[in-house]
Every structure is written in C-alpha cells, then in structure tokens.
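Heads up: the structure comes next, in structure tokens.
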Amino acid sequence: MINDNTAARALLRDKLLDGLRRAERTLFTRPAPKSARAQMKFLRTREGGSSKSLAERLGVSRKTVDRYLSGATKTPQKRLEAALAQETEADWQPQVRAQARERAATSAGLVISTTAYFALGPAGTSDAGRKRDVSVAVTPTHAAAILAARDTGATDTELHDLVAEAIADAYFRREGGGRAGLRVQIVDVERLDISF
C-alpha cells in the first residue's frame with residue numbers, strides 16, 4: 001500500500017464521520033422520530049414551518065412533502081427514506097450534541113477505538129508498519145481539533161493527520177520512551193469507533 005493513498009484517507013474520513021454520528025446517537029435522551037410523517041413534521045419545524053424549504057432540503061417536490069404531512073403517503077422510496085433519517089438525525093437534540101462536544105473539547109476528550117494498519121517505521125524493526133487494534137483516550141486538545149475540523153469541512157488529509165497525531169500521542173508516544181519523533185500514518189482502516 002502507498003502511504004499517501006487518497007482512497008485510504010477518504011475511507012478514514014468516512015469512518016471517522018460515521019463513528020462521530022454513531023457516538024452522538026448514543027447521547028440522545030429521547031428517540032428521534034421514526035415514521036416518515038413524524039420526520040417530515042419535525043424537519044418542517046426546523047425549516048421554520050416552510051414546506052418549500054423542506055422540499056428543497058430533501059430534494060423532492062413540495063407536493064411530496066405535503067402528501068407525507070397529510071398522511072396520504074406513508075412509505076417513502078429508499079432515497080427519501082435515507083434522506084429523512086439522515087436529516088432528522090442531524091437536527092435531533094442539538095443542545096445535547098453541543099454539550100457533549102464542549103465536554104470532549106474542554107475536559108473529557110474522546111475515546112477512539114480502531115483496527116487499522118499503522119505505518120510507523122522501516123521494515124524489520126519493532127516500529128514496522130502492521131495492523132493493530134488500538135483503543136485510546138485522546139486529550140481534549142486533540143478532541144477539540146478533530147471536532148473543529150469536522151465542523152469546518154476539513155479535507156481528507158487534514159482529518160487523517162489530526163486523527164493519526166491524536167492516536168500517536170495517546171498510544172505510540174505515551175510517556176516519552178524516546179519515541180517523541182515517531183511519525184505515524186494510518187494507511188488502512190477496518191473499523192473506527194468513537195465515544196464521548
């Protein structure tokens with residue numbers, strides 16, 4: 001594998017964003033709306049009561065939105081079903097999410113658990129690249145940087161470097177040990193879970 005593999009960085013980004021979404025879901029104090037009608041009602045309130053604005057957000061016609069709101073249509077097509085679930089989850093309990101992010105960025109940090117191929121040093125050494133199963137608590141400083149990068153739309157490379165640096169500091173460079181200059185790259189990610 002090539003260390004600067006664009007596909008690997010994009011995969012890490014996808015897994016990171018998915019991991020953050022799953023972590024946020026565990027924070028919800030109430031279940032999000034499940035039916036298409038309830039999701040439409042919730043999203044319309046988030047759009048200031050505008051069916052037109054909601055239709056644009058979901059990529060459907062205003063009549064489609066109105067049919068679901070009135071109950072005339074109940075079962076959405078797969079694309080609309082996925083969009084409703086994603087948009088509802090994105091807007092559900094924003095204060096709970098904001099409080100968790102604030103805690104992670106100021107005092108608690110994040111726990112990152114991953115199975116990935118880490119490229120560390122030359123072959124034939126104890127630092128040679130290999131697949132590792134790592135679970136680490138990253139510092140609030142690293143958590144703040146990762147969350148800020150996600151919120152500002154950082155590039156795949158920027159997110160990759162932030163996550164690699166956070167894991168390197170928490171796992172590979174802990175307590176010095178003469179490894180302060182160790183450069184860590186995540187080449188391939190099988191699984192990535194995050195918790196607040």
Side-chain angles (χ1 to χ4, degrees), residues 6-106 108-116 143-160 162-163 186 188-196:
T6 303
R9 289 175 189 258
L11 177 63
L12 174 67
R13 177 190 185 86
D14 292 345
K15 299 238 181 200
L16 175 70
L17 297 178
D18 186 49
L20 285 168
R21 278 191 292 272
R22 284 192 318 269
E24 287 176 342
R25 259 187 305 227
T26 66
L27 302 171
F28 294 155
T29 57
R30 295 185 331 238
K34 299 287 184 218
S35 73
R37 183 177 184 191
Q39 290 170 331
M40 286 281 189
K41 284 183 176 182
F42 168 72
L43 290 171
R44 186 175 64 173
T45 61
R46 301 301 285 178
E47 292 293 326
S50 170
S51 294
K52 180 181 178 185
S53 177
L54 176 56
E56 290 172 6
R57 180 176 176 178
L58 296 173
V60 297
S61 70
R62 184 175 178 178
K63 286 184 179 186
T64 299
V65 169
D66 291 337
R67 282 194 301 268
Y68 282 99
L69 289 170
S70 70
T73 305
K74 297 183 191 291
T75 308
Q77 294 178 352
K78 288 184 182 197
R79 188 197 63 77
L80 179 57
E81 182 178 31
L84 281 169
Q86 181 178 346
E87 294 298 322
T88 299
E89 186 177 296
D91 280 5
W92 190 247
Q93 295 191 324
Q95 290 177 335
V96 171
R97 269 199 294 267
Q99 289 169 355
R101 287 182 191 146
E102 181 67 23
R103 249 188 337 273
T106 58
L110 294 171
V111 174
I112 298 176
S113 179
T114 186
T115 301
I146 291 168
L147 293 170
R150 192 257 327 239
D151 293 342
T152 59
T155 65
D156 294 348
T157 301
E158 291 167 336
L159 270 174
H160 174 274
L162 287 169
V163 172
I186 303 172
D188 188 24
V189 178
E190 286 182 19
R191 155 189 86 73
L192 192 139
D193 295 313
I194 296 173
S195 59
F196 285 93

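It should be emphasised that the depicted structure is a prediction, and the values quoted were computed from it without experimental measurement.
A heavy-atom distance below 4.5 Å is found between the side chains of L12 and L192. With a 4.5 Å cut-off on side-chain heavy atoms, R150 and L16 do not count as touching. When side chains are defined from C-beta on, E47 does not count as touching E87, because their heavy atoms never get closer than 4.5 Å. Side-chain contact between Y68 and L84: absent, with no pair of heavy atoms (C-beta onward) separated by less than 4.5 Å. Taking 4.5 Å as the limit, every side-chain heavy atom of T114 sits out of range of all side-chain heavy atoms of I186. Within the 4.5 Å cutoff, no side-chain heavy atoms of Q39 are placed close to those of L80.
Residue V96 comes nearest to L27 through the heavy atom pair CG1-O, 3.4 Å, listed as atom of the first residue, atom of the second, then distance. Nearest approach of R191 to S113, heavy atoms of both residues: NH1-OG, 3.1 Å. Shown here for L147 and A104, the closest heavy-atom pair between the two residues is CD1-CB, 4.1 Å. The shortest non-hydrogen separation linking A36 to K74 is CB-O, 3.7 Å. Here the closest non-hydrogen pair linking A23 and I194 is CB-O, 3.1 Å. Among all heavy-atom pairs drawn from E102 and T106, the shortest one is O-OG1, 2.7 Å.
Electrostatic pairing of E190 and K15 does not count as a salt bridge here, judged by no charged N lying under 4.0 Å from a carboxylate O. Salt-bridge formation is not detected for the pair R21/E89: no Lys NZ or Arg NE/NH1/NH2 atom is positioned less than 4.0 Å from an Asp or Glu carboxylate oxygen.
Rounding to the nearest 0.5 angstrom, the gap separating the CG atom in D66 from the NZ atom in K52 is 13.0 Å. Note that the CZ atom of R25 and the CZ atom of R97 stand 10.5 Å from one another [nearest 0.5 Å]. Distance check: S195 OG to R22 CZ gives 10.5 Å after rounding to the nearest 0.5 Å. A distance of 12.5 Å separates NZ in K63 from OG in S70, rounded to the nearest 0.5 Å. The line from OG1 of T64 to CG of L58 is 10.0 Å long, rounded to the nearest 0.5 Å. L17 contributes atom CG, which lies 5.5 Å from atom CZ of R13 (distance to the nearest 0.5 angstrom).
Scanning for ring-ring contact (aromatic ring centres under 6.0 Å, His included) contacts around F196 gives an empty result, with sequence neighbours left out.
Not one N or O on the side chain of R44 forms a donor-acceptor pair closer than 3.5 Å with the backbone of S50. With hydrogens and angles disregarded, no donor-acceptor distance shorter than 3.5 Å links the side chain of E81 to the backbone of P76.
No hydrogens or angles considered: nothing links the side chains of R46 and T88 as a donor-acceptor pair under 3.5 Å.
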